[in-house]
Q: 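One structure, as structure tokens, below. Some questions next.
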Amino acid sequence: MLSAFARAFQTPDLRKKLLFTLGIMVLFRLGSHIPVPGVDFQAVNACVKETKNSGLFGLVNLFSGGALLQLTIFALGIMPYITASIILQLLTVVIPRLEALKKEGQAGTAKITQYTRYLTIALAVLQGTGIVATASSGALFSGCPYANQIVPDTGVFRIAVMVLTMTAGTTVIMWLGELITDRGIGNGMSLLIFTSIAAQFPSSMWAIKQSGTIGDGWVEFLSVVAVGIIVVMLVIFVEQAQRRIPVQYAKRMIGRRAFGGTSTYIPLKVNQAGVIPVIFASSLLYIPALVVQLTNSQASWAVWIRTNFVKGDHPIYMATYFLLIVFFAFFYVAISFNPEEVADNMKKYGGFIPGIRAGRPTAEYLNYVLTRITWPGSLYLGLIALIPMIALVAFGQQTNFPFGGTSVLIVVGVGLETVKQIESQLQQRNYEGFLR
């Protein structure tokens with residue numbers, strides 16, 4: 001593998017793409033440390049050290065590489081773009097106009113991408129307003145004595161400048177991601193998410209070592225490393241697993257030439273939904289606790305939510321989180337893969353599954369197989385997502401545990417896709433790839 005990387009850097013055009021991608025990543029990380037105008041950065045650092053907890057904003061803070069809680073120009077990170085992409089993907093199933101654009105090929109995809117950009121900016125304004133309002137009220141860092149000093153000037157002009165700066169930062173991130181996609185290696189948005197998450201690994205690992213009590217913290221540190229290796233191996237194994245359904249195309253004679261007669265397969269991944277169910281479940285569980293925190297209600301329902309839905313180590317929270325992930329895994333697979341559409345396309349081009357009649361029986365068979373491989377995929381997602389919560393009980397630190405949940409799923413998934421793209425470009429130049 002190291003020799004393959006060396007050959008990649010020896011190839012001039014591939015080396016240029018790799019260096020360009022690395023340069024954009026460095027620029028992205030630099031922007032994650034520039035504070036927003038109007039923020040008392042010393043008070044922010046004091047609150048980050050005081051609380052040592054990302055609280056309700058853990059998911060957004062994860063995707064921003066820790067920039068959210070430091071209130072930098074890239075505080076919102078790539079989360080508005082992810083949300084906009086998910087919303088557009090869901091609306092494609094509901095709105096016929098978007099479904100027609102999706103079927104138009106490259107022109108329709110470009111139009112949907114443009115809609116995604118507009119929605120990203122709108123969501124960035126909404127999220128930026130919410131974050132600034134939360135920071136101004138002192139609710140961003142619960143329990144910090146300096147929380148009310150983070151935004152000294154709460155005037156309308158100052159708040160508007162902060163929101164516009166965060167929105168502009170999200171727009172710049174979106175532009176940087178598209179630059180990587182066009183001129184670099186891999187998917188730009190995915191690589192920026194990868195950079196945000198991977199940047200927190202060293203500090204999280206060192207925090208576990210410092211907070212450890214056995215063997216000056218080295219026992220806990222090595223235990224987390226061992227668990228991390230096992231989790232990464234499991235994620236790689238499941239992410240690569242797929243059910244290949246064979247498809248045979250009938251041979252057709254047009255004039256004197258024969259067309260078709262080829263064999264291929266439909267790859268159905270075990271984890272067909274990816275990391276989307278974890279994001280959906282996390283976002284849904286944040287809503288009740290966020291409402292209670294912002295309203296500061298003392299009613300019985302608010303007390304029950306504070307007791308059961310704020311701390312990740314509570315059994316009710318863990319069970320609800322697990323069930324939501326399983327539900328959203330089936331929900332997302334149902335809207336992203338249409339067996340009837342696949343069966344109709346196969347029938348249109350003369351394709352069939354050996355032993356299965358074309359048309360409705362093919363759609364029923366695809367639905368049968370997809371439902372059964374989604375079960376292990378959804379259970380796998382739920383177990384992986386529960387690892388940080390189990391770490392909270394075992395090590396007493398949930399946010400400092402790096403090898404669990406969304407982070408490993410994204411890091412491993414993006415890493416595998418990027419390696420495959422580098423490998424394909426190496427093979428086009430008659431070099432051996434990473435997999436021998």
Side-chain angles (χ1 to χ4, degrees), residues 24-25 28-29 31-36 54-91 113 115-135 139-140 162-178 180-181 187-200 273-287 289-290 294 324-325 328 332 385 388 399 402 405-411 413-414:
I24 295 294
M25 288 180 176
F28 172 65
R29 288 306 301 163
S32 300
H33 294 280
I34 302 176
V36 171
S54 55
L56 297 175
F57 304 97
L59 186 66
V60 183
N61 192 58
L62 174 69
F63 284 104
S64 66
L68 170 66
L69 295 181
Q70 294 180 352
L71 293 176
T72 66
I73 59 174
F74 288 170
L76 299 179
I78 204 69
M79 196 63 182
Y81 183 85
I82 296 174
T83 308
S85 300
I86 294 174
I87 291 175
L88 262 296
Q89 192 169 3
L90 294 177
L91 290 179
T113 302
Y115 293 155
T116 305
R117 293 169 184 163
Y118 295 148
L119 184 57
T120 299
I121 296 175
L123 290 175
V125 172
L126 292 176
Q127 292 183 16
T129 304
I131 294 299
V132 172
T134 306
L140 186 62
M162 295 175 66
V163 173
L164 288 176
T165 304
M166 289 184 179
T167 305
T170 300
T171 308
V172 171
I173 292 174
M174 187 166 54
W175 175 63
L176 293 177
E178 293 181 356
I180 294 178
T181 304
N187 183 280
M189 301 300 176
S190 300
L191 283 173
L192 291 182
I193 299 173
F194 173 90
T195 305
S196 300
I197 297 174
Q200 301 183 71
V275 74
I276 301 299
V278 181
I279 297 176
F280 279 5
S282 302
S283 303
L284 195 61
L285 278 179
Y286 284 146
I287 293 176
L290 183 61
L294 294 178
L324 283 175
I325 291 175
F328 281 121
Y332 188 78
T399 57
T406 314
S407 57
V408 171
L409 289 172
I410 293 176
V411 168
V414 175

Q: Is any side-chain heavy atom of Ile87 closer than 4.5 Å to a side-chain heavy atom of Leu123?
A: yes
Q: Locate the shortest heavy-atom distance separating Val278 from Ala385; write the atom from each residue and the value.
A: CG1-CB, 4.3 Å
Q: Backbone N or O of Gly188 within a donor-acceptor pair of the Thr181 side chain at under 3.5 Å?
A: yes
Q: List the atom of Gly77, the atom of Pro80, and the distance in Å for their closest heavy-atom pair.
A: O-CD, 3.7 Å
Q: If every non-hydrogen atom of Leu324 is compared with every non-hydrogen atom of Ala281, which pair is closest and at what distance?
A: CB-CB, 3.7 Å
Q: Working to the nearest 0.5 angstrom, can you tell me the gap between Met79 CE and Ile173 CD1?
A: 13.0 Å
Q: Pair Thr116, Tyr81 - check side chain to side chain contact (heavy atoms under 4.5 Å, CB included), show working.
A: CA-CA 7 Å; Thr116 305; Tyr81 183 85; 3.9 Å; yes
Q: Specify the closest pair of heavy atoms between Leu191 and Val414, including all atoms of both residues, with the distance to one decimal.
A: CD2-CG1, 3.8 Å
Q: Rounded to the nearest 0.5 Å, what separation is found between the CG atom of Leu176 and the CE atom of Met189?
A: 8.5 Å
Q: Measure the shortest side-chain to side-chain distance between Met166 and Leu71 over non-hydrogen atoms and say whether it is less than 4.5 angstrom.
A: yes
Q: What distance do Leu88 atom CG and Arg117 atom CZ have between them, rounded to the nearest 0.5 Å?
A: 12.0 Å
Q: Heavy-atom distance under 4.5 Å between the side chains of Ile276 and Phe328, does that happen here?
A: no
Q: Which heavy-atom pair separates Phe28 from Ser196 by the least distance, and what is that distance?
A: CE2-OG, 3.0 Å
Q: Which heavy-atom pair separates Thr72 from Ser32 by the least distance, and what is that distance?
A: CG2-O, 3.0 Å
Q: Answer whether the closest heavy-atom distance between the side chains of Gln127 and Thr83 falls below 4.5 Å.
A: yes
